[in-house]
Amino acid sequence: MTAALVAGLLAGYGIAIPVGAVATYLVSLTARTSLRTGACAALGVATADGLYALLAALGGTALAVALQPVLEPLRWASALVLLALAVRGAITALGQYRARRLPDRQQRDPVGPARAYTALLGITLLNPTTVVYFAALVLGSRAAEAVRPLEQTVFVLAAFLASTSWQLLLAGGGALLGRALTGHRGRLATGLVSSAVIAVLAARMLLPS
């Protein structure tokens, strides 16, 4: 039981902690909107990690074999989605900057909590890094004897909670960043820099390794 708990925590933090395009988008989204929206987006990322952990626990070697043919399409789809988010983020930042100069125009969050959850869930499910990570985890940790259902459950829950805690930490950082950059130019600069970083990370996904 303890071994399954530790393995799940390590698996969850192992995929969550490296900062990539999804984490960058999560932080910038929270900075532009609210902690509530960012928290929902964070749960979307953690849900995807939890689903892949569940597949890893249940699917065994078959998971890696089944995912191998679709890794290339997933990489392209993920990169295109992230590039679209980068463009949208830049347009949103410019739009908010211009709208704030108009006194009779009210601002609203560009993305609601439900939409943020769905968007980040889909992006993370398409992320080939997550797919490869859990597929490799399956191949590297299959024991000769069958794993008990209770241990599988503990592993999946631990991975989900580990990912959730880290994603919520990122969202909290984004909320603090949003409060600190209260000026019009500060938010504009943050949005444009974030979009540029996401675009570069997405483009790198398409380069041959």
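- The shortest non-hydrogen separation linking L120 to A41 is CB-O, 3.4 Å.
- Minimum heavy-atom separation, A46 to Q167: N-CG, 4.4 Å.
- A continuous path of hydrophobic side-chain contacts links V154 to L9 [ILVMFWY only; heavy atoms under 4.5 Å].
- With hydrogens and angles disregarded, a donor-acceptor distance shorter than 3.5 Å links the side chain of T164 to the backbone of F160.
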Show your working on side chain to side chain contact (heavy atoms under 4.5 Å, CB included) between L5 and F155 and close with a plain yes or no.
CA-CA 5 Å; L5 175 63; F155 171 83; over 6 Å; no

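- The two residues A171 and A39 have their closest heavy-atom pair at CB-N, 4.2 Å.
- The same ILVMFWY cluster, assembled from side-chain heavy atoms under 4.5 Å apart, contains both V27 and L169.
- Atom-to-atom distance recorded for T24:OG1 and L170:CG is 9.0 Å, nearest 0.5 angstrom.
- Smallest separation of non-hydrogen atoms from A53 and A159: CB-CB, 3.8 Å.
- For the pair A116 and L29, the tightest heavy-atom approach, listed with the atom from each and the gap, is CB-CD2, 4.0 Å.
- Residues Y117 and T47 bring a donor and an acceptor atom of their side chains to less than 3.5 Å of each other.
- T30 contributes a side-chain N or O that, together with a main-chain N or O of L26, makes up a donor-acceptor pair within less than 3.5 Å.
- Checking V22, I123, L125 one by one against V45, the side chain to side chain contact (heavy atoms under 4.5 Å, CB included) holds for a single residue, V22.
- Residues L43 and L51 share a single hydrophobic cluster, defined by chaining ILVMFWY side chains whose heavy atoms lie under 4.5 Å apart.
- The backbone N or O of R115 lies less than 3.5 Å from no partner atom in the side chain of T118, so there is not a single donor-acceptor pair.
- Closest non-hydrogen pair, Y13 versus S165, comes out as OH-OG, 2.9 Å.
- Judged purely by atom type and a 3.5 angstrom limit, T124 has no side-chain atom pairing as donor or acceptor with the backbone of L121.
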